[in-house]
2 protein chains.
Amino acid sequence: MPPLSSGLLGALDPTSDRAVFRQIADQLREAIDRGRFKEGEKLPSEAELVEHYGVSRMTVRNSFSVLQGEGLVHAEHGKGVFVRPRPPVRRLASDRFARRHREQGKSAFIVEADAAGSHPQVDSLEVKEEKASQDVSTRLGSVRRVLARRRRYLLDGRPVEFATSYLPLDIARGTPIAEPNPGPGGIYARLEELGHRLDHFEEEIRARMPSPAEVKTLHLASGVPVIHLIRTAYDTEGRAVEVCDTVMAADAYVLSYQLPAT
Amino acid sequence: MPPLSSGLLGALDPTSDRAVFRQIADQLREAIDRGRFKEGEKLPSEAELVEHYGVSRMTVRNSFSVLQGEGLVHAEHGKGVFVRPRPPVRRLASDRFARRHREQGKSAFIVEADAAGSHPQVDSLEVKEEKASQDVSTRLGSVRRVLARRRRYLLDGRPVEFATSYLPLDIARGTPIAEPNPGPGGIYARLEELGHRLDHFEEEIRARMPSPAEVKTLHLASGVPVIHLIRTAYDTEGRAVEVCDTVMAADAYVLSYQLPAT
DNA sequence: CTTGCCCACTCGTCTATACGAGTATGCCTG
DNA sequence: CAGGCATACTCGTATAGACGAGTGGGCAAG
């Protein structure tokens with residue numbers, strides 16, 4: 001094992017009351033922030049850091065786990081610990097549901113990703129009737145059963161979003177909305193054809209750490225939160241006609257909204 | 001030490017290839033989800049779990065660190081490990097900057113928190129001129145120096161948000177905006193009085209894990225992400241007159257937006 | 001009764017060791 | 001030359017032990 005090139009990392013301060021593993025994490029974090037280790041680059045191995053700092057391996061691993069929790073690095077078994085590259089982000093503009101975007105045949109996700117030069121995919125298609133959860137029922141106005149449309153979105157092979165749309169059965173049953181592929185313009189175009197002219201949407205946004213199931217579905221690295229978005233679509237009569245529950249890998253998204261100043 | 005009451009937690013499956021510390025974490029998580037341990041309640045101590053499962057202490061600690069990373073529990077030195085209570089959330093509605101909300105003397109934050117029965121505070125007031133960062137400069141239209149207004153918001157003593165407003169010097173210098181207390185209705189009211197009638201706001205939203213500095217400022221528990229919001233205010237002439245950079249404790253906020261369907 | 005100390009219990013940090021499993025490389029064999 | 005295997009390196013999991021430091025309760029002294 002070659003010695004760790006000096007200069008990259010400093011020494012420990014034994015007089016400090018800051019824990020050793022925190023000092024090591026601090027030095028690694030600073031080196032990353034300063035660009036001494038670039039995105040995707042490999043950090044020194046555990047053994048090298050044990051050697052360099054003269055500490056035990058568990059202490060070094062503890063440092064790494066701090067940085068992992070911050071989403072700064074990720075470990076790959078058998079290979080090393082790497083600076084986590086920031087993935088290309090998908091920007092969601094507040095006009096993304098404007099009627100003019102529903103003209104074309106493809107879904108908004110596909111069109112937009114193609115334009116950005118990414119390879120989009122949609123996945124895990126499931127359409128079925130089911131009992132409405134308490135929350136969905138409340139949002140849709142005391143509906144007992146709903147049509148649920150589940151799908152997962154991928155960009156360049158990486159899953160980035162998992163979404164479920166819920167619609168009242170009296171609106172969706174027996175229509176193209178209940179088909180796996182609802183046709184050009186998606187379910188919003190179909191809703192309008194069925195006489196439910198859309199008036200506005202309401203979106204609620206939260207951020208939190210993912211559940212184990214979400215980690216699995218979205219292949220999330222540790223230290224990556226999710227954005228949880230719940231959108232309710234209202235028609236011109238004020239009726240809630242759809243609730244869409246979306247969980248997004250937070251490192252892959254920037255949401256953008258316009259607010260009037262009135 | 002009394003034996004751990006049976007029934008709460010099961011046994012390990014030695015034939016499973018799932019790591020022991022994950023199995024323990026799974027059982028604790030499930031027990032929490034099922035409400036066997038309620039919010040704020042103390043989990044079994046490390047020693048009790050060591051006893052119950054017949055594993056070493058580091059293995060138990062490893063399990064706890066998994067749950068901490070998920071934001072499910074938090075440890076208190078000398079006391080124990082507790083189910084993290086969900087704090088009351090602050091809902092930000094999309095009309096929160098409507099002109100009618102600027103009539104009263106107090107800031108929107110104070111009024112709203114009072115109405116919700118919480119005790120609000122504003123803190124860390126700093127107002128100074130400084131060099132604009134690359135990003136702020138771009139958003140404000142190639143401005144070199146700006147007036148920066150920093151403040152921290154607390155609810156019932158807990159810091160929940162840290163915000164910095166940046167304004168071009170030619171607008172803000174020498175006006176009440178450059179004072180620590182800009183007066184009733186806040187800086188948006190002052191901007192309009194100065195002839196910059198506000199037209200709309202643009203908000204960009206990201207979620208990520210906090211930096212160590214943010215953990216300190218917002219007293220964040222591990223496993224709590226932050227919502228990073230960047231708002232740009234435009235006047236009726238299309239000029240960007242303010243950029244507000246806000247970092248919020250994600251467990252304390254729900255953002256809400258209305259989108260037109262046009 | 002009140003004060004203060006001690007002790008038991010809690011989590012925090014660190015060491016040293018062991019074995020397992022995934023990855024990559026280079027050498028050796030066919 | 002091609003294929004496969006050995007090996008060295010990586011991180012993952014787990015044990016056992018030690019000491020430190022924060023917390024809270026009980027006991028003893030005043």
Side-chain angles (χ1 to χ4, degrees), chain A residues 1-4 11-28 37 40-69 72-84 215 221-223, chain B residues 1-4 11-28 37 40-69 72-84 215 221-223:
Chain A
M1 184 175 67
L4 185 53
L12 297 176
D13 174 5
T15 71
S16 164
D17 53 358
R18 190 156 176 81
V20 172
F21 76 89
R22 289 188 202 284
Q23 292 187 47
I24 296 177
D26 289 344
Q27 294 193 11
L28 291 170
F37 299 111
E41 218 171 290
K42 188 178 165 302
L43 294 179
S45 74
E46 293 175 356
E48 282 170 327
L49 291 172
V50 163
E51 177 90 358
H52 177 83
Y53 287 112
V55 297
S56 84
R57 185 171 159 230
M58 288 311 288
T59 302
V60 170
R61 281 183 63 77
N62 213 341
S63 309
F64 277 149
S65 92
V66 169
L67 299 179
Q68 276 191 49
L72 268 181
V73 307
H74 68 110
E76 292 181 33
H77 193 168
K79 295 209 258 189
V81 178
F82 301 84
V83 179
R84 213 158 61 74
V215 167
S222 69
Chain B
M1 185 175 65
L4 185 54
L12 297 176
D13 174 6
T15 71
S16 164
D17 53 358
R18 188 153 177 84
V20 172
F21 75 90
R22 289 189 203 284
Q23 292 187 47
I24 297 177
D26 290 345
Q27 293 193 13
L28 291 170
F37 299 111
E41 217 171 292
K42 188 176 165 303
L43 295 179
S45 75
E46 294 175 356
E48 283 170 326
L49 291 172
V50 162
E51 177 91 359
H52 177 83
Y53 287 115
V55 298
S56 81
R57 185 171 161 230
M58 290 311 288
T59 301
V60 170
R61 281 183 63 76
N62 213 342
S63 309
F64 277 148
S65 93
V66 169
L67 300 179
Q68 274 192 52
L72 268 181
V73 306
H74 68 110
E76 291 181 34
H77 193 167
K79 295 207 256 186
V81 178
F82 300 84
V83 179
R84 209 156 65 72
V215 167
S222 68

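Convention: sequence-line order gives letters A, B, ...; per-chain numbering from 1. Basis for what follows: all heavy atoms, side chains included, without hydrogens, waters or symmetry-related copies.
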Original post:
Which parts of residues 76-84 of chain A get close to DNA chain C, meaning a heavy atom less than 4.0 angstrom away?
Top reply: His77(A), Gly78(A), Lys79(A)
Original post:
Who pairs with Gln68(B) by side chain to side chain contact (heavy atoms under 4.5 Å, CB included), at least two apart in sequence or on another chain?
Top reply: Val73(B), Ala75(B), Ser222(B)
Subject >> Contacts of type side chain to side chain contact (heavy atoms under 4.5 Å, CB included), residue Arg84(A), not counting sequence neighbours >> reply: His74(A), Ala221(A), Val224(A), Asp251(A)
Which pair of heavy atoms, one from [X] and one from [Y], lies closest together, and at what distance?
X	Y	value
Pro44(A)	Phe37(A)	CD-CZ, 3.7 Å
Leu67(B)	Ala25(B)	CD2-O, 3.7 Å
Gln27(B)	Leu12(B)	NE2-N, 4.5 Å
Glu46(A)	Arg57(A)	OE1-NE, 2.6 Å

In whole Å, I'd like the distance from the [atom1] atom of [X] to the [atom2] atom of [N].
X	N	atom1	atom2	value
Lys42(B)	dG24(D)	NZ	C1'	13 Å
Leu67(B)	dC11(C)	CG	C1'	15 Å
Asn62(B)	dC11(C)	CG	P	15 Å
Glu48(B)	dC11(C)	CD	P	8 Å
His74(A)	dT10(D)	NE2	P	17 Å
Tyr53(A)	dT13(C)	OH	P	17 Å
Leu12(A)	dT13(C)	CG	C1'	14 Å
Glu51(B)	dC9(C)	CD	P	12 Å

Original post:
Can you give the dot-bracket line for DNA chain C, using ( ) for pairs inside the strand, [ ] for pairs that cross earlier ones, | for pairs with another strand and . for unpaired bases, where Watson-Crick and G-U count if both distances are under 3.5 Å?
Top reply: ||||||||||||||||||||||||||||||
Considering just the side-chain nitrogens and oxygens of [X], establish if one lies under 4.0 Å of OP1 or OP2 belonging to [N].
X	N	result
Thr59(A)	dT13(C)	no
Arg61(B)	dG12(C)	yes
Ser45(A)	dT10(D)	yes

How far does [atom1] of [X] sit from [atom2] of [Y], to the nearest 0.5 angstrom?
X	Y	atom1	atom2	answer
Ser63(B)	Tyr53(B)	OG	OH	8.0 Å
Leu49(A)	Leu43(A)	CG	CG	8.0 Å
Glu51(B)	Glu48(B)	CD	CD	9.0 Å

**OP:** For the pair Phe21(A) and Val55(A), evaluate side-chain contact (heavy atoms from CB on, under 4.5 Å) and give the outcome as yes or no after the intermediate values.
**Re:** CA-CA 9 Å; Phe21(A) 76 89; Val55(A) 297; over 6 Å; no
Original post:
Side chain of Glu46(A): nearest nucleotide among dC14(C), dC11(D), dT10(C)?
Top reply: dC11(D)
**OP:** Select one nucleotide: of dT10(C), dC11(C), dT17(C), the one nearest the side-chain heavy atoms of Met58(A).
**Re:** dT17(C)
Original post:
What pairs meet the salt bridge (charged side-chain N to carboxylate O under 4.0 Å, His left out) rule with one or both residues in residues 11-27 of chain B, with sequence neighbours excluded?
Top reply: Arg18(B)-Asp26(B), Asp26(B)-Arg29(B)
Original post:
Where along residues 13-25 of chain A does a heavy atom fall under 4.0 Å from DNA chain D?
Top reply: none
